[in-house]
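I have placed the structure first, in the form of structure tokens, so that the comments after it can refer back to it.
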Amino acid sequence: AAAGGPVVIVGAGQAGAETAAALRDRGFTGPVTLVGDEPGPPYGRPPLSKDYLTGGVEPGGLALRPPSYYRDHGITLTGRDPAVEIDRDGQRLTLASGRELPYAALVLATGARPRPLPVPGAGLAGVLALRSLEDATAIRDRLADARDVLVIGGGFIGLEVAATARRSGARVTVVEAGPRLMARAVSAPMSAFLAGHHREQGVRVLLGREVTALRGDAAGRCRVAELDGGERVPADLVVAGIGVLPNCSLAAAAGLAVGDGVLVDDRLRTSDRAVYAVGDCARFPSPYAPGRLRLESVRNAVEHARRVAAVLCGDTPPPAAVPWFWSEQYALRLQIAGITQGHDRTAVAGDPAAGRFSVLCFRGERLVGTESVNRPADHMATRRLLESGAPGPAPADAERPGFDLKAFTRSPQPV
Ligand code: FAD
């Protein structure tokens with residue numbers, strides 16, 4: 001616990017800002033400093049692949065809290081001055097400007113960065129990744145007059161960008177190297193539904209295909225993508241959404257245990273008792289999945305922030321909540337409750353053709369999560385069910401016509 005000594009948080013993103021706020025909510029009165037490497041106050045990233053790209057949200061509308069909040073709550077924002085070194089013995093953090101910040105507790109909330117595109121031509125103008133507000137503004141500027149948009153990677157971000165670009169009238173191609181869309185995040189039936197829906201909306205979805213090179217014009221602006229097999233696809237805006245890498249070099253250089261993320265225990269403590277990690281950069285144990293996981297979601301960032309604040313205040317952290325995620329593509333609201341990775345059986349409830357259904361995911365006979373499209377009641381029922389630890393429906397129950405998860409969870413279950 002920080003026992004009133006200074007808490008320094010590295011990374012002024014979702015997890016960092018929520019940690020600072022959660023400390024004050026718990027009555028922590030010591031100094032709190034939020035070290036950032038982006039201009040402006042902390043903001044939320046979800047709109048960056050959605051409404052922001054079409055001008056539906058302005059930068060000011062992204063802020064997590066008004067700037068006065070930090071002032072009024074005694075939270076110091078360093079502005080754009082990244083942390084460059086942790087001195088663990090001296091409990092001191094050095095920033096790029098040379099400024100040194102002593103800490104009683106250090107919280108790493110450094111997030112993740114886009115995986116670089118390993119393709120010739122990746123440096124051409126018009127080839128962009130999407131993580132920050134600066135990235136999104138560059139994409140938005142180009143989208144305004146782009147005719148042919150190529151999305152590399154059929155994951156959350158790629159598909160959200162594809163949907164937004166279609167809405168803005170561009171011709172859109174999605175190239176996914178794997179055999180199905182969003183394979184890391186959703187079940188095979190959900191992948192198939194999403195591919196069908198994007199195609200209905202006029203997106204050309206190519207599965208099991210790779211971009212081998214990007215070619216530009218004399219001005220160095222991307223014009224064409226070459227695919228395996230030799231096909232050439234026009235592309236004046238390319239958005240690469242091929243996954244992220246956790247930012248853990250600061251932790252690794254300080255000798256903390258890392259491995260696809262900063263390794264932490266259930267109290268979000270790293271291998272150093274005074275250093276914690278939260279959000280996208282942290283790999284943590286969860287009661288809802290075997291082993292340690294690293295999640296990339298707002299919900300996870302907020303949950304970690306609340307837990308670490310409790311630990312730093314010497315309080316018992318709240319029980320871990322069921323992880324959940326969401327995505328918006330066209331008029332579809334996809335919600336995922338639970339950790340569905342590693343499921344071996346699925347059951348579909350509702351009607352995919354009507355765009356309202358859920359895929360229940362099972363490991364053996366046990367429900368581990370539900371993916372819902374425009375069926376929020378199934379999503380909420382799954383969260384409650386997993387949280388309660390009560391036995392869920394068996395696959396055979398869920399496969400019965402007319403099965404209703406909410407009604408199921410309300411009827412008494414044999415223990
Ligand atoms: P971040 O928000 O990335 O913040 C980390 C911050 O640390 C960054 O500002 C980074 O620049 C900074 N930093 C890194 N190193 C240093 C350093 N050495 N010194 C100082 N600062 C440093 N999640 C959902 O649940 N639903 C969605 O619909 C959704 N949509 C998304 C759309 C987009 C386009 C993106 C990019 C993400 C989306 N996410 C969504 C994911 C969600 O935004 C992230 O999970 C969340 O932002 C994680 O918070 P974080 O604080 O861990 O990381």
Side-chain angles (χ1 to χ4, degrees), residues 13 37-40 43-63 80 111-177 181 198-199 201-206 209-227 231-244 327-330:
D37 67 351
E38 294 188 75
Y43 62 90
R45 297 178 200 278
L48 299 183
S49 49
K50 308 177 186 83
D51 286 354
Y52 181 77
L53 292 181
T54 49
V57 185
E58 287 307 315
L62 300 172
R80 197 171 208 172
R113 64 187 183 282
R115 191 183 286 279
L117 186 63
V119 160
L124 289 167
V127 182
L128 299 159
L130 176 50
R131 180 75 191 181
S132 66
L133 176 55
E134 281 175 328
D135 297 336
T137 303
I139 293 172
R140 166 172 157 156
D141 290 348
R142 295 222 174 236
L143 190 57
D145 53 22
R147 289 181 45 199
D148 292 289
V149 175
L150 175 70
V151 174
I152 306 180
F156 270 108
I157 302 238
L159 294 184
E160 290 179 0
V161 169
T164 311
R166 263 317 280 155
R167 270 199 342 239
S168 76
R171 284 193 293 254
V172 181
T173 303
V174 174
V175 179
E176 165 56 50
L181 296 177
H198 277 271
R199 285 176 177 139
Q201 299 293 324
V203 174
R204 188 163 175 234
V205 177
L206 303 177
R209 301 289 301 279
E210 286 190 47
V211 173
T212 51
L214 298 166
R215 306 280 178 215
D217 58 19
R221 224 192 126 133
C222 185
R223 291 294 174 209
V224 170
E226 291 175 8
L227 307 188
E231 186 185 346
R232 290 165 69 87
V233 177
D236 43 22
L237 169 59
V238 177
V239 180
I242 55 170
V244 296
S327 176
E328 282 154 31
Q329 298 165 30
Y330 315 101

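Side-chain N or O atoms of Thr173 include none that pairs as donor or acceptor with a backbone N or O of Arg204 at under 3.5 Å. Under a 3.5 Å cut-off, the side chain of Arg221 and the backbone N or O of Gly216 do not form any donor-acceptor pair. With Asp135 contributing its side chain and Ser132 its backbone, the two residues share a donor-acceptor pair below 3.5 Å.
Between Leu62 and Leu48 there is a side-chain heavy-atom pair separated by less than 4.5 Å. Inter-residue side-chain proximity for Ser327 and Leu159 is flagged as unmet; no heavy-atom pair is nearer than 4.5 Å. Here the side chains of Gln329 and Gln201 are not in contact, with every heavy-atom distance at 4.5 Å or above. The shortest side-chain heavy-atom distance between Pro39 and Leu133 does not fall under the 4.5 Å cut-off.
Between atom CD of residue Glu210 and atom CD of residue Glu176 there is a gap of 9.5 Å, rounded to the nearest 0.5 Å. Annotation: the span from Leu214 atom CG to Arg223 atom CZ amounts to 13.0 Å, rounded to 0.5 Å. To the nearest 0.5 Å, the span separating CG on Leu53 from CZ on Arg140 amounts to 8.0 Å.
The pair Glu328-Arg167 fails the salt-bridge criterion, with no side-chain N (NZ, NE, NH1 or NH2) lying under 4.0 Å from an Asp/Glu carboxylate O.
Closest approach of Ala165 and Leu143 over heavy atoms only: CB-CD1, 3.9 Å. Here the shortest heavy-atom pairing between Val238 and Cys222 reads CG2-SG, 3.8 Å. Leu206 and Arg209 make their closest contact through CB-CG, 3.9 Å (heavy atoms, listed as atom of the first residue, atom of the second, distance). When every heavy atom of Arg131 is checked against every heavy atom of Ala112, the shortest pair comes out as NE-O, 3.1 Å. Across every non-hydrogen atom of Leu150 and Ala225, the tightest pair is CD2-CB, 3.4 Å. Of all the heavy atoms in Leu237 and Arg142, the pair that sits closest is CD1-CB, 4.0 Å.
No more than 12 heavy atoms of other residues, nucleotides or ligands shown are found within 6.0 angstrom of CZ on Arg232. Within a 6.0 Å sphere centred on CZ of Arg147, heavy atoms belonging to other residues, nucleotides or ligands number 12 at most.
Cation-pi check for Arg166 over Tyr330 is not met; the charged atom does not lie both under 6.0 angstrom from the ring centroid and within 45 degrees of its normal.
Arg171 is linked by a salt bridge (charged side-chain N to carboxylate O under 4.0 Å, His left out) to Asp148, counting only residues two or more places apart in sequence or in another chain.
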